[in-house]
Trainee: 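Here it is, the structure in full.
Residues take their numbers from the sequence shown, with the count starting at 1. Just follow the structure's listing: the first ligand is 1, and inside any ligand the first atom is 1.
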Amino acid sequence: MKPKKLIGHFRVEPGTKAQLKDRSTAWAGSKRLKEDGKERAKKILEETLTRLAEVQEILYADDRYALLIILQAMDAAGKDSTIKHVMSGVNPQGCQVFSFKKPSAEELDHNFLWRYMRCLPERGRIGIFNRSYYEDVLVVKVHPELLEQQKLPDGKRNQAFWEERYQDINAFERHLVRNGTVVLKFFLHVSKDEQKRRFLKRLERPEKHWKFSLADLAERALWDAYMDAYEDALTATSTEWAPWYIIPADRKWAARTLVADLVTRTLDNLDLKFPPLSDEQRQALAQARAQLENEASEEA
Ligand code: ATP
Ligand code: MG
C-alpha cells in the first residue's frame with residue numbers, strides 16, 4: 001500500500017461509521033513488511049523519529065502551531081509504551097504528556113472540558129493526552145454512576161444527551177484547530193484475546209505486577225459495552241478538522257511505527273518555517289559576530 005492510501009486506511013472518514021468490528025487489530029504491515037516485519041518496522045521507526053526531531057524544532061521556532069495528540073484505548077493496549085517510543089526522539093522542552101485519571105472534586109465542580117483545557121499545549125509545543133475528554137463519553141457512558149458524580153442539572157441521560165456531548169467535543173476541537181492547534185486522535189485497537197495475553201504476562205512477571213490492577217478485570221468484563229461506546233464516539237467525532245485514526249495494536253511495533261509516521265507526516269504537512277529575519281535583525285547579527293571576532297583572546 002502507498003503511504004497516502006495507508007493513512008486513509010486507518011482514518012475514520014467523517015460521516016461514516018467507525019466499524020470497529022470489521023477492523024483488524026493484528027495488521028502487521030504490507031506484504032513486503034511482513035517478511036521481516038518487526039526488523040523493518042524498527043528501522044522505519046528510527047528514521048521517522050530522526051525526522052520528527054527535526055520537524056519539532058521548526059514547530060518550536062515557527063511558534064504558530066501546537067500539536068495535540070490524543071491517545072485512547074482499552075487497558076494494556078500500549079498507550080504508555082507508544083508514548084515512550086514515539087517521544088523518545090523529541091526535545092523534552094517542547095513536549096508534555098498528561099495522563100488523565102478519575103476526576104478530583106474540584107474538577108467535578110467544573111464543566112467536563114475544564115480540566116483538559118488547562119493542559120492544552122502552547123504554540124510551538126507538542127502535548128500528549130494519555131486518555132482525554134473522550135473518557136467523558138466512554139467510561140462515563142459505560143458507568144452511569146460516574147455521570148451522577150458530575151452534578152449536572154436534571155435531565156434525561158438518553159442518546160440525545162450523548163449526542164450533545166459529541167457536538168460539544170467537535171465544537172471544542174474546531175475551536176482549537178481554527179486557533180492553530182492541530183488535533184491528532186489515535187485509538188489503539190487491541191483485541192480482547194491480546195489484552196488477556198498481556199494481563200497474564202503482567203501476572204507472570206514480578207517486574208510487571210505493579211501494572212496489574214483488579215479493576216482492569218472489572219472493566220474487561222464490560223468489553224462489549226466499551227466497544228459500543230467507542231463505536232458511537234469515534235463515529236460521531238471523526239471530523240474533517242480532527243479525524244480519528246484507528247491503529248491496530250496487537251503488535252506493538254506496528255502500532256508505534258504507524259503512530260510515529262502519522263505524527264511526523266502531520267507536522268511535515270504544516271507550512272512550518274524558521275522565522276525570517278528582518279534587515280535590522282540581520283545587521284544586528286553581523287555586528288554581534290564582528291564584535292565577538294574582534295574580542296582580544298583571553299587564552300594564552
Ligand atoms: P495504566 O493502567 O497504564 O497505568 P491508565 O490510563 O489505565 O494507565 P489507571 O490509573 O489504571 O490509568 O486508570 C485511570 C482510570 O481513570 C481509567 O479507568 C479511566 O477510565 C478513568 N478515567 C479517566 N478519565 C475519567 C473521567 N473523566 N471520568 C471517570 N473516570 C475517568
Ligand atoms: Mg489502567
Trainee: Within ligand 1, which atoms have a heavy atom of D136 less than 4.0 Å away?
Mentor: 27 (N)
Trainee: Looking only at protein heavy atoms, which one is nearest to atom 6 (O) of ligand 1, and how far off is it?
Mentor: R131 NE, 2.6 Å
Trainee: Please report whether the ring centroid of F187 lies less than 6.0 Å from that of Y134.
Mentor: no
Trainee: Got an N/O contact under 3.5 Å between Y226 and ligand 1?
Mentor: no
Trainee: Is there side-chain contact between E173 and I70, with at least one heavy-atom pair below 4.5 Å?
Mentor: yes
Trainee: Judged on heavy-atom distance to atom 30 (N) of ligand 1, which of V140, V142, V139, L147 sits nearest?
Mentor: V139
Trainee: Of the protein's non-hydrogen atoms, which lies at the shortest distance from atom 14 (C) of ligand 1, and what is that distance?
Mentor: K101 CD, 3.8 Å
Trainee: Crowded around E280 CD? As in, over 12 foreign heavy atoms under 6.0 Å?
Mentor: no
Trainee: Backbone or side chain, does any N or O of E135 fall under 3.5 Å from an N or O of ligand 1?
Mentor: yes
Trainee: Test your reading of the model: is there a side-chain donor-acceptor pair from D250 to the backbone of S191, 3.5 Å cut-off?
Mentor: yes
Trainee: Taking atom CD of E107 as the centre, report whether more than 12 heavy atoms of other residues, nucleotides or ligands fall under 6.0 Å from it.
Mentor: yes
Trainee: In this structure, are over 12 heavy atoms from other groups packed under 6.0 Å from Q159 atom CD?
Mentor: yes
Trainee: Give me the residue, atom name and distance of the protein heavy atom closest to atom 3 (O) of ligand 1.
Mentor: D80 OD2, 3.2 Å
Trainee: Could you tell me whether ligand 1 has any atom less than 4.0 Å away from a heavy atom of R115?
Mentor: yes
Trainee: From E231 CD over to L20 CG, what is the distance, rounded to the nearest 0.5 angstrom?
Mentor: 5.0 Å
Trainee: Please identify which atoms of ligand 1 are closer than 4.0 Å to at least one heavy atom of L146.
Mentor: 29 (C)
Trainee: Take every heavy atom of S99, measure it against each atom of ligand 1, and state whether any distance is under 4.0 Å.
Mentor: no
Trainee: Has ligand 1 got any nitrogen or oxygen that is less than 3.5 angstrom from a nitrogen or oxygen of K79?
Mentor: yes
Trainee: Kindly state if atom 11 (O) of ligand 1 has a protein heavy atom within a strict 4.0 Å cut-off, that is, under 4.0 Å?
Mentor: no
Trainee: One pair to check against side chain to side chain donor-acceptor pair (under 3.5 Å): E219 and H143. What are the steps and the verdict?
Mentor: CA-CA 10 Å; E219 298 315 298; H143 292 276; 2.9 Å; yes
Trainee: Under a heavy-atom criterion of less than 4.0 Å, does E219 contact ligand 1?
Mentor: no
Trainee: So, F112 versus Y133, ring centres under 6.0 angstrom or not?
Mentor: no
Trainee: Check D75 and report its N/O/S atom nearest to the Mg ion (ligand 2), by atom name.
Mentor: OD1
Trainee: Do any N or O atoms from the side chain of N294 and from the backbone of A290 form a donor-acceptor pair under 3.5 angstrom?
Mentor: yes
Trainee: Report the part of P103 (side chain from C-beta onward, or backbone N, CA, C, O) that has a heavy atom under 4.0 Å from ligand 1; answer both or neither where that applies.
Mentor: side chain
Trainee: If you measure from each non-hydrogen atom of Y116 to ligand 1, which part falls under 4.0 Å: side chain, backbone, both or neither?
Mentor: side chain
Trainee: Could you check whether atom CG of D279 has more than 12 heavy atoms from other residues, nucleotides or ligands sitting under 6.0 Å from it?
Mentor: no
Trainee: As a test of the contact definition, would atom 18 (O) of ligand 1 count as having a protein heavy-atom neighbour under 4.0 Å?
Mentor: no
Trainee: In the protein, what heavy atom is nearest to atom 2 (O) of ligand 1, and what distance, to one decimal place, separates them?
Mentor: D75 OD1, 4.2 Å
